[in-house]
Amino acid sequence: MSTTVSTSALPAAAEAPRYDFRSAEPRWQAEWERRGCFHVADVPADGRPKYYVLEMFPYPSGKIHMGHVRNYTLGDVVARYKRARGFSVLHPMGWDAFGLPAENAARERRSHPAKWTWDNIAAMRGELKRMGLSLDWAREFATCDPAYYGHQQKLFLDMLAAGLVERRESWVNWDPVDGTVLANEQVIDGRGWRSGALVEKKQLSQWFLKITQFAPDLLAALDGLDRWPERVRVMQANWIGRSEGARLRFDLATPTDGIDAIEVYTTRPDTLFGMSFLAIAPEHPLAAGVAARDAGAAAFIAACRSMGTSEAVLETQEKRGWDTGLRVRHPFLPDATYPVWIANFVLMEYGTGAIFGCPGHDQRDLDFSRKYGLSVVPVVLPPGEDEAGFSIADKAYDGPGVMINSGFLDGLAAPEAAKAAAIAGLARLGVGEGVVNWRLRDWGVSRQRYWGCPIPVIHCESCGVVPVPAADLPVVLPDDVTFDRPGNPLDHHPTWKHVACPACGQPARRETDTFDTFVDSSWYFARYCSPHAAEPVTLAAAAHWMPVDQYIGGIEHAILHLLYSRFFTRALKATGHLALDEPFAGLFTQGMVTHESYRGEDGSWLYPEEVEVRADGTAVHRQTGAAVTVGRVEAMSKSRRNTVDPGAIIDRFGADTARWFILSDNPPDRDMEWTESGAAGAYRFTQRLFRLAEAVTALPGAGEVPDTFCPEARGLRRATHRAIAAVTEALESFAFNVAVARIYELANAIGDAERAPDTADLRWARQEAVEMAARLVAPMLPHLAEEILARLRPGGALATDLPWPEANAALAAADTVKIAVQVMGKLRGTVEVTPGAAEATVLAAAEAEPNVARALEGRRVVKRIYVANRIVNFVLAGPA
RNA sequence: GCGGGUGUGGCGAAAUGGUAACCGCAGGAGACUCAAAAUCUCCCGAGCUCCGGCUCUUGUCGGUUCGAAUCCGACCACCCGCACCA
C-alpha cells in the first residue's frame, strides 16, 4: 500500500481549519493599507534612521512565478524586520515594463503592446498584493509610462551635453527578414531566433553610452562593495577586464594603400624576440585593401564573416589564416621582417585588431604556426631547464622564466622585468608605449523596436543631430502603430517621425530607435525616492534614501544590470542628478526555485498537478493512471512544465505558508526545491502555531509578572529568550532557515509547557512565549502574527507596528551547563555544573565521572585542558 | 584553459576550532477513533555490544592542534561564471 504525498493529501476545503487564512489574510492586508503602515515620505522628518530595501522589479509577463515569490519574500522579511528595529523603511515596487514580449504578443494576438502590458501589470499587482508584502504602493510606477520615460529622456540629453554619449558606427547582428538588430543571445546557430533567417553582420549608426570612461573607477570601487557577494565582484572585474601591456607599431616593409604601419596591442612585450608572424582581424582596415586585389583573401574574409558569433562555433573553430604577402619590420631587429596574415582568431573589437604571433609562449599562436609551418623560437626559459635542451613541442610555455634569444633582454626575469625593459626599449625608439587596456566596451543602447523609450533626438540634414528641446519632452510613443510587416513600427509610422528641426525649422526626421530596456532599469531605484517629482531625481529625497541598503535579486543580473546601474549612478552624479557613486551598498543574490520534472509515457512533459507521486518515488498520471517518469530536479520552466503557480498555492495554503516554506527550506542563496510535502509541512506549522496560541488565549489572563517561577516556567522563559536572541542573529545574517528552526524549537517548548501542570506563573510564561513567538514570526508570517496578537491582546498594537523584542540575557542563561569530558580528544562523558564553576571543581567532577575514571585508570595525566562552560580534555602520557 | 563555489544521515540542512547531525521533510511504531483524516507521543547515520559501553562516520589523502566538518597542503567529483581578450 502506498500513501500519497501529493495534492490529494491536502486538507479538503470542507473541513474548516482553525486558522482561517482565507479570511485573515485579506483582512490584515486591508488593515495595513487602511493605516498606511508602509508609507513613507520622500524626505521624512521623523528622525528615524533610514533603510532602503529593494527587490529587482519584475517584468510584467502576466503572472508571478515562484522566483518572484522567493525574491519578494526575502525582501519583505528584511523590510519588516528593519522596520521593527526602528528604521524608517523604503520598500517600493514597480514594473520593468518595456521589452520585446509585448511586441511579440502584439504580432501574435493582435493586441496592442500597451494594453497587453497594462493588463499584465494589473493582474500581477493583484497577485503581489495577495502575498502581504510591506510595500509602499504609492510609489509604484511602470517604465513604459511617459511619466517615467520622459525623465529618462531628460537624463539622456544631459548625458549627451556632458559628453557621456556618442553616436558611432558599429557592427551588429542584422536579421534581414525581421529588419531588426538582434542581441548576441538572439542569434542561434547563425540564424535569427524568430525568423530563422541567416544573420548578417552589418554596420549601423548607433548610440553609445560611454561606460568605458568609468572603467577604472567601476573596477576600483568593487573593493569597497564589502556587502556584495564575492563572486559577483569577481564576475564584474573579469567583465571590465583590465590588462597591462604595450601598444607598438610595426612598420610595413612596403607601405600599401597609404598605410605604412600596423598597430598591435600585447600583454607580453617581453616575448617580442619570439615573434614569427603578425596577424590582423578579418575586419581590419588593411584587410579590406588586400581583399580588393586578392580574390583569395576576399573569399577568406567573407567566410569568416559568415562564420557566426555563437560561442559553440567559436570554441570548436579551427585556427585559419590567409597570408597577405605583406611583411613588417621588427622594432628591435631592423633587418628582420615577418609575414602579415589575416587570421580568424583575431578580434577587431579587442585591442587594436592586430597581434604579433609568438608561438613559443602563446597556445593560439603555436596552433596557428604549426598549421602553416611558421617558425617557433623559445624566448623564455622555464626554471630548471637548460637552454640547449629546451624546445617547444605542442604546448606553449606561458609561465615565468629567464629571457633567452632576446638580444638586450637576455638574462632578465620574465615576465615582469623583461616587460618593463621591452617597453622602455620601445619608448626609446618612439614606436610603442606601455598602456592599460580594458575589455569593457561602450554600451550600445539603440534598438530598432517600438516598445521602448524613444531616443529624444532629431536628425536634420543641415544641422545634424539635434537634441529634442527640454520643453518638448517627453517624446511619447504613438499609439496607432501596426505590426503587420517586419521592421520597426516607429519607422513605418506615416507621420510620427516627421518633425521640424528645433534648430533651423526645416523638415527633419525623428530618431526612430528606442533605448535598450537595460537603460530603464539603470536608474529606477533613484526614481523610487521621489516617484512623482517633476524632475527625474530629487536630490533631497535621494540624499535621504540612497544608496539602497539591501538589494535582492537573481544572480543572472550579476553583470549587465548591476554594472549598468553602477555606471548610470556615476553618470547621474556627473550631470548633477545624484550625489553618490554606488547605488547598492548591500547585494544579496538568491538561488533559483526548482522542482521535479515529469514525463508521460509518450515523452511529453506533465505539470506537477497532473501527477500523483507515491511514497516509493514512482508516479502515475492522476487521470489516466498511466506510468509517469520522474525526471531531474531542475529550475522551473514553462517548457518542462515543472512549474508551480503561486496563485494556486496561495489559494490552497495562504501566503504565509508559501512564505514560510520558501524561507525554511534552505539557505536563500542556494537553489531550493519546491515540494508538495514541504509546502504541506509549512501549512501544518501555521496551524500548529495558531493552535498553541489559541490554547493560551483561551486561558484567563495571568496578570502581573509573578515573583517566582516554577522550573517549567523558568525553562519556557529560557527557551523564549534564547529564541529571541537566536532569531535576531539569524535574521541579521540572512540565515532565514536557521531563524525558522529556532522558531520551531520555541513552538516545541510551548507545546511541552501545555502538558505541564497549569500554574499561574507557567501561564504567564506561556503568554510571554506565545507573544514573543508571534512577534518573531511577524516578518515571515505577517498575517498569522497579527491574528495571534489580536487574540492575545485585543485592541493592542499591530504586530507590524511593535518594536523588535529584546532578549533578556539573564533569563536565557542556563541554571546548569553540561560540560563534555574528553580523554585524548575522545568524548568519554559529560558533567553538569553551575555556569562559571571554578576550574578545580569542574576538573574534579570530570575525573570522578565513572566512564572518564575508567579511561584514566593507570595512566598519567600530563595536561588538563579546560575551556569554561564547554569542555575538559585530559592528555595522557605514553602509549595506550 | 582561467576564475569562483559546493561536497555532512534516505532528503533539505545545523554546527566556522570545543559533545557532528539542531530544526524540518520522508519513513517506522504507538495513542486517540467504529474507522479514517487531523492531532499527540516515541524511534530514526553505520557497525558491534557482556546493554556498562565500544568502534567508525562531514568527498579522498596528508598536515597543524590537547582537540578539525571548521585552519593549511595535495587530489577527486559536481555546479556556476568567463574566454580564441593577444
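Only heavy atoms go into these numbers, but all of them, side chains included; no hydrogens, no water, no symmetry mates.
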Q: Identify whether the glycosidic angle of B/G4 places it syn (within 90° of 0) or anti.
A: anti
Q: Have a look at B/G52 and give me syn or anti from its glycosidic angle (syn if within 90° of zero).
A: syn
**Q.** Pair pattern of RNA chain B in dot-bracket, where unpaired bases get dots and | marks partners in another strand, Watson-Crick or G-U under 3.5 angstrom
**A.** (((((((..(((.....[....))).(((((.......))))).((((....))))..(((((..]....))))))))))))....
Taking the basic N atoms (NZ, or NE/NH1/NH2) and the acidic carboxylate oxygens, is any pair closer than 4.0 Å for [X] and [Y]?
X        : Y        : value
A/Arg370 : A/Asp367 : no
A/Arg859 : A/Glu857 : no
A/Arg247 : A/Glu433 : no
A/Glu694 : A/Arg18  : yes
A/Glu839 : A/Arg864 : no
A/Arg268 : A/Asp270 : yes
A/Arg439 : A/Glu349 : no

Q: Tell me whether the centres of the aromatic rings in A/Tyr19 and A/Phe21 are closer together than 6.0 Å.
A: no
Do the side-chain N or O atoms of [X] get closer than 4.0 angstrom to the phosphate oxygens (OP1, OP2) of [N]?
X        : N     : value
A/Arg670 : B/C79 : no
A/Asn748 : B/G24 : yes
A/Arg364 : B/C85 : yes

Contact class for [X] (heavy atom, under 4.0 Å): base, sugar-phosphate, or nothing?
X        : value
A/Arg870 : sugar-phosphate
A/Val867 : base
A/Tyr265 : base
A/Arg439 : base
A/Arg828 : sugar-phosphate
A/Val346 : base
A/Pro667 : sugar-phosphate
A/Ser664 : nothing
A/Arg864 : nothing
A/Asn851 : sugar-phosphate
A/Lys818 : base

Q) Can you find a donor-acceptor N/O pair under 3.5 angstrom joining the side chain of A/Asn873 to the base of B/C66? A) yes
Q. Is a donor-acceptor contact shorter than 3.5 angstrom present between the side chain of A/Lys319 and the base of B/C84?
A. yes
Please give, in whole Å, the distance from [N] [atom2] to [X] [atom1]?
X        : N     : atom1 : atom2 : result
A/Arg688 : B/A38 : CZ    : P     : 15 Å
A/Leu876 : B/G67 : CG    : P     : 12 Å
A/Asn437 : B/C85 : CG    : P     : 13 Å
A/Ile555 : B/G3  : CD1   : C1'   : 14 Å
A/Glu349 : B/A83 : CD    : C1'   : 14 Å
A/Leu827 : B/C66 : CG    : C1'   : 15 Å
A/Arg18  : B/C40 : CZ    : P     : 10 Å
A/Leu746 : B/G24 : CG    : P     : 12 Å

Span that lies between the [atom1] atom of [M] and that of [N], in whole angstrom:
N     : M     : atom1 : answer
B/G45 : B/A20 : C1'   : 10 Å
B/U19 : B/C66 : C1'   : 16 Å
B/C84 : B/C71 : P     : 35 Å
B/G7  : B/A13 : P     : 9 Å
B/C82 : B/G67 : P     : 45 Å
B/G12 : B/G59 : P     : 13 Å
B/C40 : B/U55 : C1'   : 37 Å
B/G81 : B/A74 : P     : 26 Å

Candidates [options] - which lies nearest the side chain of [X]:
X        : options             : answer
A/Asn238 : B/A86, B/G3, B/G18  : B/G3
A/Val738 : B/U19, B/A15, B/U55 : B/A15
A/Asn737 : B/G12, B/A13, B/C66 : B/A13
A/Glu745 : B/C56, B/U19, B/C23 : B/C23
A/Tyr744 : B/G52, B/C23, B/C84 : B/C23
A/Arg684 : B/U41, B/A14, B/A26 : B/A26

Q. Starting at the 5' end of RNA chain B, which residue's closest nucleotide do you reach first, A/Val872 or A/Lys395?
A. A/Lys395
Q: Starting from the 5' end of RNA chain B, give me the residue, A/Val234 or A/Trp239, whose nearest nucleotide shows up first.
A: A/Val234
**Q.** Pairing residues for A/Asp671 by the salt bridge (charged side-chain N to carboxylate O under 4.0 Å, His left out) criterion, not counting sequence neighbours
**A.** none
Q.
Hydrogens and angles aside, do A/Thr816 and A/Glu832 bring a side-chain donor and acceptor to less than 3.5 Å of each other?
A. yes
Q.
Less than 3.5 Å apart, any donor N or O on the side chain of A/Arg670 or A/Asn737 sitting next to an acceptor on the other?
A. no
